[in-house]
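In what follows, chains are A, B, ... by sequence order, proteins preceding strands, each numbered from 1.
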Number of protein chains: 2
Amino acid sequence: MRISQLSAESGVPIPTIKYYLREGLLPAGEQTAATRAEYGPSHLRRLRLIRALLEVGRLPVAAIRRVIEAVEDEDLPVHTMLGTAHYALGAAPEPDAGDDDLREARQTVDELIAGLGWTVTPLAPTRDELARALVTLKRLGMPAGQADLLPYAASAMRLAHDHEMSRIPFDGPREVAVETLVICTVLYGRVLDVFRRLAQESESARILGAT
Amino acid sequence: MRISQLSAESGVPIPTIKYYLREGLLPAGEQTAATRAEYGPSHLRRLRLIRALLEVGRLPVAAIRRVIEAVEDEDLPVHTMLGTAHYALGAAPEPDAGDDDLREARQTVDELIAGLGWTVTPLAPTRDELARALVTLKRLGMPAGQADLLPYAASAMRLAHDHEMSRIPFDGPREVAVETLVICTVLYGRVLDVFRRLAQESESARILGAT
DNA sequence: CCTGTTTGGATAGCATGGCTATCCATTAGC
DNA sequence: GCTAATGGATAGCCATGCTATCCAAACAGG
């Protein structure tokens with residue numbers, strides 16, 4: 001498959017495909033001559049993944065590249081690879097360390113995770129991400145206590161355990177495992193977000209008796 | 001309070017505050033003279049809300065403006081105001097109508113919402129947002145059926161009903177109601193998202209027996 | 001074999017979004 | 001009265017995600 005076919009089948013313009021190649025999101029095709037390269041179905045698949053993460057997941061290109069680099073680093077054990085890919089999905093960690101509120105929130109998060117019995121490395125940037133959200137809630141005058149957070153943690157664990165991690169093919173090729181994880185995380189994340197807004201609208205209609 | 005104090009207390013630089021004023025995110029202060037305006041605690045509050053939506057919620061400025069316009073349009077009944085604000089939180093609706101997959105997904109969404117007995121206007125852009133996510137999942141080779149979606153809908157409704165809409169002060173001033181709704185939706189949305197990733201990491205560690 | 005089209009690769013440019021910098025007349029406050 | 005701050009306006013900056021233009025090599029049809 002040449003670049004024009006790749007473009008036609010994916011709906012992504014050729015210059016954009018070239019951009020993704022430059023940015024390392026898409027591996028180079030197999031060079032058959034100086035001005036000829038062959039692309040396969042894996043490229044088409046990758047291209048669709050990129051577009052999904054960009055458009056539905058709203059991930060920046062740099063984050064997608066980090067995900068892809070984790071896949072392509074063959075030395076990483078699978079759990080580490082999934083972790084690396086996973087962390088790339090989060091917000092970029094801001095290095096504003098000297099903040100008492102943040103430290104306190106971080107401790108709340110650590111205690112919460114320990115209390116839940118979850119196995120999460122203490123280094124996970126996700127912990128700080130949650131801490132930052134808690135600080136923001138507090139500053140907006142809606143501090144979140146354990147009682148507020150636990151239902152969210154419980155729902156998250158139920159979904160992750162019953163419907164997400166159980167469908168990851170850990171025994172297959174590594175790139176399929178990451179791809180599935182990333183799709184589950186990002187796309188079902190969006191699905192959940194939209195359902196939540198739909199549920200809120202429905203509740204609002206019920207409470208306010210509107211049409 | 002003058003602009004310099006507003007800046008000092010909020011941590012937002014003065015030129016940025018002026019930018020928000022220009023963009024209509026922040027109402028003008030009370031003019032006390034040609035080159036003097038007085039800002040109150042409501043401005044500080046609004047400023048914190050803007051930053052939260054921008055930084056934690058990653059909403060574009062245009063979306064924030066739509067939320068704020070809904071609040072300030074006194075003619076809107078409360079449910080409509082909440083709806084308008086709510087829709088601004090979603091992705092901008094893309095007008096690519098001629099797509100069979102999308103129409104089919106949209107119908108799936110409509111049936112799903114009807115089946116759940118939720119009260120959501122047929123015009124809600126949220127429906128299309130969900131439909132688009134379903135199309136993307138299908139194109140990535142992971143089509144989502146009713147069985148895949150229902151747990152997400154159930155979790156969303158449980159959270160919305162038990163922990164979100166019940167805390168909205170519908171009887172208070174309208175801007176407080178919207179503000180609370182927006183904060184609940186956006187910030188707890190982020191909290192839920194992060195919890196889900198933490199839960200996934202924990203499950204991955206459990207399954208793969210990693211540290 | 002010749003000619004027009006396509007390809008890969010490189011470089012530069014563009015549009016949008018979210019600020020940031022500069023200027024200037026006015027005026028509070030000493 | 002003098003100085004520094006203020007409000008208002010205009011223009012510029014930077015990052016991101018593309019898009020446009022070139023160019024030499026090479027394939028394909030005649």
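- OP1 or OP2 of D:dG17 has not a single side-chain nitrogen or oxygen of A:Tyr20 nearer than 4.0 Å.
- Remark on DNA chain D: of its neighbouring residues A:Ala33 and A:Lys18, the 5'-side contact belongs to A:Lys18, judged by nearest-heavy-atom nucleotide.
- Note: A:Phe195 and B:Trp118 have perpendicular aromatic rings, judged against thresholds of 30 and 60 degrees for the angle between ring planes.
- Atom CE in A:Met1 sits roughly 16 Å away from atom C1' in C:dT7 (whole-Å rounding).
- Within the 4.0 angstrom heavy-atom criterion, no nucleotide atom of any strand lies near B:Leu21.
- To the nearest angstrom, C1' of C:dG18 lies 12 Å from CZ of B:Arg65.
- The local environment of CD in A:Gln5 is crowded, with over 12 non-hydrogen atoms from other residues, nucleotides or ligands closer than 6.0 Å.
- In summary, the side chains of A:Tyr87 and B:Glu201 do present a donor paired with an acceptor at a separation below 3.5 Å, with no hydrogens or angles considered.
- Mapping A:Tyr19 and A:Thr32 onto DNA chain D by nearest heavy atom places A:Tyr19 closer to the 5' end of the strand.
- More than 12 heavy atoms of other residues, nucleotides or ligands shown are found within 6.0 angstrom of CZ on B:Arg65.
- Considering only side-chain atoms of A:Pro15, the nucleotide from D:dA20, D:dG7, C:dT7 that sits closest is D:dA20.
- When distances run from any side-chain atom of B:Tyr39 to the nucleotides D:dG7, C:dG18, D:dC18, the shortest one goes to D:dG7.
- Residues A:Arg2 and B:Ala62 each lie close to DNA chain C; by heavy-atom proximity, the contact nearer the 5' end of the strand is made by A:Arg2.
- At a threshold of 4.0 angstrom between heavy atoms, the contacts of B:Gln31 are confined to the sugar-phosphate backbone, with no base atom among them.
- Here the side chain of A:Arg36 is nearest to one of D:dG7, D:dC27, C:dT20, namely D:dC27.
- At D:dG17, none of the side-chain N or O atoms of A:Thr16 fall inside 4.0 Å of OP1 or OP2 (strictly under the cut-off).
- Between the side chain of A:Arg22 and the base of D:dT19, at least one donor-acceptor pair of N or O atoms lies under 3.5 Å.
- As rounded to whole Å, 13 Å separates atom C1' of D:dC18 from atom CD1 of A:Ile64.
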